[in-house]
J.: 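My questions all concern the structure below.
Order of the sequence lines sets the chain letters (A, B, ...), proteins ahead of strands, with each chain counted from 1.
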Amino acid sequence: MDRVAIIGASMTTFGDRDAWVRELLAEAGDAALRDAGVDGDDLDHLYVSNMASGEFEGQTGVPNALAHDLGALGAYTQRVDQTSASGGAGIYAAWQSVASGASDMTLLVGGEKMTHKTTGEATDVIASLTHPVEYKHGVTLPSFAGLTARKYLDEYDAPRESLGQVAVKNHRNGVDNPHAQFRKEVDLETVLESPIVADPLRLYDFCPITDGSAALLFCPESVAEQYADDYVVVSGIGGATDTHVVHERDDPTTMNGVVESSDIAYEMADRGPEDVDFAELHDMFTILEFLQSEDLGFFEKGEGWKAVEEGVTDRDGDLPINTSGGLKSKGHPLGASGVAQAYELYVQLLGDAGDRQVEGDVGLACNVGGFGNCVTTTILEQP
Amino acid sequence: MSFDAHRCPNGHVTYPGHTRCPECGEEQTETVDLADRTGTVVTWTTSTATPPGVREPNHLAIVEFEVQGESVRALGQLTTADGVEIGDDVEPVYEEELRDPEAGIREPDSQAWDGYRFEPV
Ligand SMILES: [Zn+2]
């Protein structure tokens, strides 16, 4: 079967941006087209990953706006909303469009504009994904992280400091990412003494609120060399859901959507966790990096924290995780994040990652929506 | 007001209810009121960054109840987090308005706003 290639990619600077969602999407989309020398009118399909442009700024219908701005009129367009996992779900849709033969050239652009809202308002937009019986209690995604972190530390005798090490590592990686929102190291003491947000988690256990956009350009592998000297292939991809109501899960420390989506992706790629050279995980909260690294099969259940403490997941470790800085320091513009994870794999696989370059030819990205409610796992490889 | 968990003919219990039982797919035909039962804290947190209309700080717990050999869990506010630990017993206490329905993003008429907080026993 003809595999699906990614022949161009881009991301905007993440952070507190003046641009609104339309402009952010156009900036990233234009850059990805330029990366491959493809024109807007070459696009058959155009997908936009975005969670809440209507709720955040009163702008709906963004795919159509983007098609017009990129000169892609005539292209089939679609918005993909899978909350925080909109980017991963967009990769799935774009991959599907090319793999099915429906499109020979698909552009995916993910983006979100959030920083004009207060933290409370932005948190409420995100919390609106919860069930009414959760929402009425004022639950937020950070509070799910606090609930789960306490359970994890208790269940596996993990030290509180190990969560802090995730923040320290990802901030260190972010220093070398020119697109990251924070390019500043933090030490463990700073993390552990920062204000409590959702006990036992503190400010530095959480990703920031961010504006930004990222884009990927897909075509059949058989024609990829016509456009690009270097490209990567989507060797495996899978998506899965877990319960909508978070407390209904049998084991609060296992993310079934991660387990199931990665099983599908590994099987498609004919790979296992041991074949993955580096990974981008959805560290919206430090605890999520532990859960995913275990549920992806990198480490035994309850042992993910040890790997971080021992430096296994450092940039010079056996399995570098979040070389981009992760959501933690790179930032988390909801709809863009999953796309930006794949952007990091793309530049790493092409050897274009500069000071944060690591070795390897198989990269994995895990994009999580809600609190593990919907997950996409993507494996990218050198051809 | 009751604190209803929902049960299917095969004895699976969930809170809240679903159109079909998530376990077996059958219709949930019975309710079980949890209001007068004692539950156990599975985990808890105190949230200090709360959305508009939510008390600050907001103490929250996931609590587990036993219903005829099946366990069922619910998330809810704690009346206090003082001295609370995993494994502690709590009892539901009715509260008319858990957050200000007018302040958040959700349409006030789209859902109920009363419910049960958990009080350490
Ligand atoms: Zn059932």
J.: How close do A/G146 and B/T45 get, counting heavy atoms only, and between which atoms?
T.: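 Minimum heavy-atom separation between A/G146 and B/T45: CA-OG1, 3.8 Å.
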J.: Can you see which heavy atom on B/P51 is nearest to which on A/G138, and at what distance?
T.: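 Shortest heavy-atom contact: CD-O, 4.2 Å.
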J.: Does atom OH (A/Y204) have a neighbourhood of more than 12 heavy atoms from anything else shown, all under 6.0 Å?
T.: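 Open: at most 12 neighbouring heavy atoms sit under 6.0 Å from OH of A/Y204.
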J.: Let me know if A/V246 has heavy atoms under 4.5 Å from chain B in its side chain, its backbone, both or neither.
T.: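 A/V246 has no heavy atom closer than 4.5 Å to chain B.
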J.: Under 4.5 Å from any heavy atom of chain A, what part of B/A81 do you find: side chain, backbone, both or neither?
T.: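 No part of B/A81 comes within 4.5 Å of chain A.
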J.: Taking B/T48 for the side chain and A/I196 for the main chain, is one N or O donor matched with an acceptor at less than 3.5 Å?
T.: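 Yes, B/T48 side chain to A/I196 backbone: donor-acceptor pair under 3.5 Å.
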J.: Within the supplied structure, the quantity of interest is the number of heavy atoms (other residues, nucleotides, ligands) at a distance under 6.0 Å from A/K301 NZ; does it exceed 12?
T.: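 Yes, enclosed.
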J.: Do B/L75 and A/F144 come within less than 4.5 Å of each other through their side chains, counting heavy atoms only?
T.: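 When only atoms from C-beta onward are counted, A/F144 and B/L75 do touch, with a gap below 4.5 Å.
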J.: Looking only at heavy atoms, which two atoms of B/L60 and A/L147 are closest? And how far apart?
T.: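 Nearest heavy atoms, B/L60 then A/L147: O-CD2, 3.7 Å.
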J.: Does CG in B/D36 sit with more than 12 non-hydrogen atoms of other residues, nucleotides or ligands closer than 6.0 Å?
T.: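 For B/D36, atom CG is not crowded (no more than 12 foreign heavy atoms under 6.0 Å).
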J.: Got a sec: does the CG of B/N10 have more than 12 other heavy atoms crowding it under 6.0 Å?
T.: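 Yes, enclosed.
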J.: Any idea how A/Y135 and B/W113 line up, ring-wise: parallel (<30°), tilted (30 to 60°), or perpendicular (>60°)?
T.: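 Geometry flag for B/W113 against A/Y135: perpendicular rings.
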J.: For B/H18 and A/E248, which I'm curious about, is there any donor-acceptor pair between the side chains at under 3.5 Å?
T.: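 The answer is yes; a qualifying pair exists.
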J.: Of the backbone (N, CA, C, O) and the side chain (C-beta and beyond), which part of A/P132 lies under 4.5 Å from a heavy atom of chain B, both, or neither?
T.: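 A/P132 touches chain B through backbone and side-chain heavy atoms alike.
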J.: Heavy-atom pairs under 4.5 Å with chain A are the metric here; pick the option from B/P22, B/S110, B/A74, B/A49 that has the most.
T.: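 Between B/P22, B/S110, B/A74, B/A49, the count favours B/A74.
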J.: Using non-hydrogen atoms and a 4.5 Å limit, figure out which bit of A/V245 sits close to chain B: side chain, backbone, both or neither.
T.: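 The answer is the side chain of A/V245.
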J.: Give a yes or no answer on whether the side chain of B/N58 reaches the backbone of A/H137 with a donor-acceptor pair at less than 3.5 Å.
T.: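 Judged by distance alone, yes, a pair lies under 3.5 Å.
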J.: Would you mind telling me which of A/T118, A/T119, A/D199 has the largest number of heavy-atom pairs within less than 4.5 Å of chain B?
T.: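 Result: the option with the highest number of such pairs is A/D199.
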J.: At a 4.5 Å cut-off on heavy atoms, which part of A/H131 comes close to chain B: side chain, backbone, both, or neither?
T.: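 Contact with chain B is through both the backbone and side chain of A/H131.
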J.: State whether the number of non-hydrogen atoms from other residues, nucleotides or ligands found under 6.0 Å of B/R20 atom CZ is greater than 12.
T.: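 Count not over threshold, so no.
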J.: Please name the pair of heavy atoms, one in B/V42 and one in A/K151, separated by the smallest distance, quoted to 0.1 Å.
T.: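 Taking every non-hydrogen atom into account, O-CD, 3.6 Å.
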J.: Could you state the interatomic distance from CD1 (B/I105) to CZ (A/F56), rounded to the nearest 0.5 Å?
T.: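 B/I105 CD1 to A/F56 CZ: 8.0 Å, rounded to 0.5 Å.
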J.: For a salt bridge (Lys or Arg N to Asp or Glu O under 4.0 Å) check, start with the C-alpha distance between A/D124 and B/R99, then their side-chain angles and the critical distance, and finish with the verdict.
T.: CA-CA 12 Å; A/D124 196 34; B/R99 68 184 281 182; 3.2 Å; yes
J.: Taking every heavy-atom pair that is under 4.5 Å apart, which of B/V54, B/T50, B/T46 has the most such pairs with chain A?
T.: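 Highest number of pairs under 4.5 Å: B/T46.
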J.: If you define the side chain from C-beta out and look only at heavy atoms, does anything of B/R73 sit under 4.5 Å from A/P252?
T.: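 Contact flag for B/R73/A/P252 side chains = yes.
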J.: Please look at A/T140 and chain B and tell me whether the side chain, the backbone, both or neither of the residue comes under 4.5 angstrom of a heavy atom of that chain.
T.: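 For A/T140, the contact with chain B is made by the side chain alone.
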J.: Find the distance between OG1 (B/T43) and NE2 (A/H247) and round it off to the nearest 0.5 Å.
T.: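 Reported value, rounded in 0.5 Å steps: 14.0 Å.
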J.: What distance separates A/K136 NZ from B/Y116 OH, expressed to the nearest 0.5 Å?
T.: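 These two atoms lie 9.5 Å from each other.
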